[in-house]
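Below: the structure, in structure tokens.
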Amino acid sequence: MATWRLRRAAAAIAASSAVVAAGAAWPSASASDPFPAALEAARRRVAQPGAAPPPRAAQRAALAGSTPADPLDVLVVGGGATGCGVALDAATRGLRVGLVEREDFSSGTSSRSTKLIHGGVRYLEKAVFNLDYGQLKLVFHALKERKQVIENAPHLCHALPCMTPCFNWFEVVYYWFGLKFYDIVAGRRLLHLSRYYSVDESVELFPTLAKNSHDRSLRGTVVYYDGQMNDSRLNVGLACTAAVVGAAILNYAEVVSLIKDESGERIIGARIRDTLSGKEFDAFAKVVVNAAGPFCDSVRKMANNDVVPMISPSSGVHIVLPDYYSPDGMGLIVPKTKDGRVVFMLPWLGRTVAGTTDSSTAITMLPEPHEDEIQFILDAICDYLNVQVRRSDVLSAWSGIRPLAMDPSAKNTESISRDHVVFEDYPGLITITGGKWTTYRSMAEDAVNAAIRSGNLKPANGCVTDHLHILGGYGWDPASFTVLAQNYKRMKRTYGGKIIPGAMDSAVSKHLSHAYGTLATQVASIAQNEGLGKRLAHGYPFLEAEVAYCARHEYCESAVDFIARRCRLAFLDTDAAGRALPRIIEILALERKWDKARQKLELQKGKDFLETFKSSKNAQFRDGKHNGQ
């Protein structure tokens, strides 16, 4: 049986390789920059020293200033990865753009991802065995976009080696051939070559990997490369970059209703409620782009209450464990566990993220992981590790909703696509949904192209985001942190009020450099000049200065915005985030001029938010089998 499967795989790979050679050549470098003047103009604005988006009040005024006679070209609903990508793409084409987000940028699915930027190894396997050229094209496309995401946000993204354990020689050959074909398909977009490691080499690279599992002996591992990112910081970076190049973006701005023309036949704008002030205003646009992720059906129903739903929501749960579960710089991915699921453990921001589940769910604003899902992940990784896996080690656990999409125009709706769907089922309202983080840029490009057709818009140029870095990306390199370490001090305020100097150590310098890119010097200046150089939580490199910087330059409007999407502490360590809340609120209160009542409300909202992250201390129950202390 194994020999037959191997022959079939080899034959399929050979056939698919012919397809690759015949029809999948990558565009040349010159062809990828068809609008050099527009790209250079955008680059100058993004790369200028001290580049920062306009204040929130100016953005709100720009949106409210649109009229039926002088509308925006595009109004985007949704501030996730796709929505911010649409705003950036449209603005760099010379269009007049607005974006509104009901909560904070990246407050939904885009901050709760697997943190991988991947081409889709599983989809490649399906393409090979089913000889499905359509699936193969999806993998080609995702691999192209994977490389661009990493290049356009070099401080937030990097290549990550991923180890696949093999417990028999068939698996060794099967995964080696399959991942070599993944390399071939990547072509010049390859990150690094995959390779086989012996048992001893594998354990040296991943010390917690078990040599024996369920009466099976490890025969070696195959290591391949995909990308990894800091997802919400990338999303916030996209939002701020869009604002710098001219888009009017506004978080905490909820669409109350859509506005139709006098005939009722076309959408011409939206009624917006600023949830921070409670005031409402109208924003008019030639085209509205619905990029609301799992909530896109709610927006579609504002235009037509009888629309057929597009979204089939799926829940993905992840847990965060201490760093000793996985070595720094090496992930572990099991493509198929004993029950057929994919399981992974990846180093991320000094901790280990493990997952994931894939199950039907209801659409909610704050999805919560169930205890049985957490226990499933612990069970799954336990099979491949030589350390005791304990529920008490779970520092944080979260659930994200994947907006799997069904195309309403498709005749066959049996299969739900993991690819994206762009659809106009009401004139003037373009919906973009589905897809994945890796392909957000091309999804945005497709949505803007559809908006141009729908509204007969007149862009100054075509898409230029393929080679446009986000804020902080230009001029950054991995050694940039040394500038911070050598030239800045962390001035810390003691409990007695005295200011004392502290070193800008490597851990803090590297964190600031990777989180903010070349803009990290601005954060370091605040730490040095304003006495905000103290760490917010013991054992983590996050500084008080970051709270002030994010309030001033990244539209951080609440304590939850900071702990969840600006610094990621809620995702890394729920309990540490809870301990940091009072100081974060104190700094934000000075920046936003909050009174005592607002500060008290922020503290309660922060605690309620953290309750949805099921760390070991706020678990629903502890009668599972991973309760070792």
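Keep in mind that what you see is a predicted model, and the values were worked out from it rather than measured.
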Heavy atoms only: give me the nearest [X]-[Y] pair and the separation to one decimal.
| X | Y | result |
| --- | --- | --- |
| Arg189 | Leu143 | CB-O, 4.0 Å |
| Pro54 | Ala243 | CD-O, 3.8 Å |
| Trp594 | Ser558 | CH2-CA, 4.2 Å |
| Arg266 | Gly428 | NH1-N, 3.4 Å |
| Thr518 | Trp476 | CG2-N, 3.6 Å |
| Thr438 | Ala142 | CG2-O, 3.5 Å |

Do [X] side-chain atoms and [Y] backbone N/O form a donor-acceptor pair below 3.5 Å?
| X | Y | result |
| --- | --- | --- |
| His514 | His155 | yes |
| Arg273 | Val256 | no |
| Thr241 | Leu471 | yes |
| Thr67 | Asp70 | yes |
| Asp261 | Glu265 | yes |
| Asp297 | Ile311 | yes |
| Gln522 | Leu519 | no |
| Arg233 | Ala515 | yes |
| Asp561 | Glu557 | yes |
| Ser454 | Ala451 | no |

task: Would you please test Asp306 and Arg300 for salt bridge (charged side-chain N to carboxylate O under 4.0 Å, His left out) and show each step?
output: CA-CA 9 Å; Asp306 298 324; Arg300 293 172 67 231; over 6 Å; no
field: Qualifying residues under side chain to side chain contact (heavy atoms under 4.5 Å, CB included), relative to Ser442, sequence neighbours excluded
entry: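 Side chain to side chain contact (heavy atoms under 4.5 Å, CB included) check on Ser442 returns His141, Glu145, Thr439.
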Is the shortest heavy-atom distance from the side chain of [X] to the side chain of [Y] under 4.5 Å?
| X | Y | result |
| --- | --- | --- |
| Arg566 | Ser232 | no |
| Val299 | Val288 | no |
| Val422 | Thr433 | no |
| Arg43 | His469 | no |
| Asp231 | Ser110 | no |
| Arg112 | Arg402 | no |
| Glu101 | Glu254 | no |
| Cys84 | Asn235 | yes |

Could you measure the distance from the [atom1] atom of [X] to the [atom2] atom of [Y]? Nearest 0.5 Å is fine.
| X | Y | atom1 | atom2 | value |
| --- | --- | --- | --- | --- |
| Leu99 | Leu238 | CG | CG | 11.0 Å |
| Lys144 | Arg188 | NZ | CZ | 9.0 Å |
| His420 | Thr431 | NE2 | OG1 | 13.0 Å |
| Asn290 | Glu424 | CG | CD | 12.0 Å |
| Asn304 | Lys260 | CG | NZ | 7.0 Å |
| Asp282 | Ile272 | CG | CD1 | 8.0 Å |

- prompt: Can you list the steps and then say if Ser257 with Arg271 is a side-chain hydrogen bond (donor to acceptor under 3.5 Å, both in side chains)?
  reply: CA-CA 5 Å; Ser257 61; Arg271 182 72 175 172; over 6 Å; no
message: Walk me through whether Val307 and Asp425 qualify under side-chain contact (heavy atoms from CB on, under 4.5 Å).
response: CA-CA 8 Å; Val307 293; Asp425 54 356; 3.8 Å; yes
Residues Val185, Leu136; criterion side-chain contact (heavy atoms from CB on, under 4.5 Å); working and verdict: CA-CA 9 Å; Val185 172; Leu136 186 62; 4.3 Å; yes
field: Derivation and outcome, side-chain hydrogen bond (donor to acceptor under 3.5 Å, both in side chains), residues Asp226 and Tyr182
entry: CA-CA 10 Å; Asp226 259 327; Tyr182 194 56; 3.0 Å; yes
message: Just to verify, which of Thr109, Leu404, Thr361 counts as forming a side-chain contact (heavy atoms from CB on, under 4.5 Å) with Pro313?
response: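 Per the side-chain contact (heavy atoms from CB on, under 4.5 Å) rule, the option paired with Pro313 is Thr361, out of Thr109, Leu404, Thr361.
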message: Tell me which one of Asp446, Ile430, Val76 satisfies side-chain contact (heavy atoms from CB on, under 4.5 Å) with Val86.
response: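 In the set Asp446, Ile430, Val76, the residue that makes a side-chain contact (heavy atoms from CB on, under 4.5 Å) with Val86 is Val76.
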- request: Applying side-chain hydrogen bond (donor to acceptor under 3.5 Å, both in side chains), run through Ser315 and Ser399 and close with a yes or a no.
  value: CA-CA 6 Å; Ser315 169; Ser399 176; 3.0 Å; yes
- prompt: Just by distance, with hydrogens left out, do Arg93 and Asn449 show a side-chain donor and acceptor under 3.5 Å apart?
  reply: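 Result is yes, a qualifying pair exists.
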field: Working for side-chain contact (heavy atoms from CB on, under 4.5 Å), residues Arg102 and Tyr252
entry: CA-CA 5 Å; Arg102 174 170 55 178; Tyr252 295 98; over 6 Å; no
query: Should the ring pair Trp437 and Tyr440 be called parallel, tilted or perpendicular, given that the plane angle runs from 0 to 90° and is split at 30 and 60?
result: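 Rings of Trp437 and Tyr440: perpendicular, over 60°.
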- prompt: Parallel, tilted or perpendicular: which describes the rings of Phe571 and Trp398, with under 30° parallel and over 60° perpendicular?
  reply: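 Ring orientation of Phe571 relative to Trp398: perpendicular.
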- request: Show the numbers, then the answer: is there a side-chain contact (heavy atoms from CB on, under 4.5 Å) between Lys436 and His118?
  value: CA-CA 9 Å; Lys436 58 185 179 180; His118 62 98; 3.5 Å; yes
message: I'd like to know whether the aromatic ring centres of Tyr516 and Tyr549 sit less than 6.0 Å apart in this structure.
response: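 Yes; Tyr549 has its ring centre under 6.0 Å from that of Tyr516.
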task: Among Arg96, Lys286, Lys458, find the residue that satisfies the salt bridge (Lys or Arg N to Asp or Glu O under 4.0 Å) test when tested with Asp73.
output: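 It is Lys286; the other options fail the test.
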field: Arg56/Asp274 ion pair, N-O < 4.0 Å
entry: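 So Arg56 pairs with Asp274 through a salt bridge.
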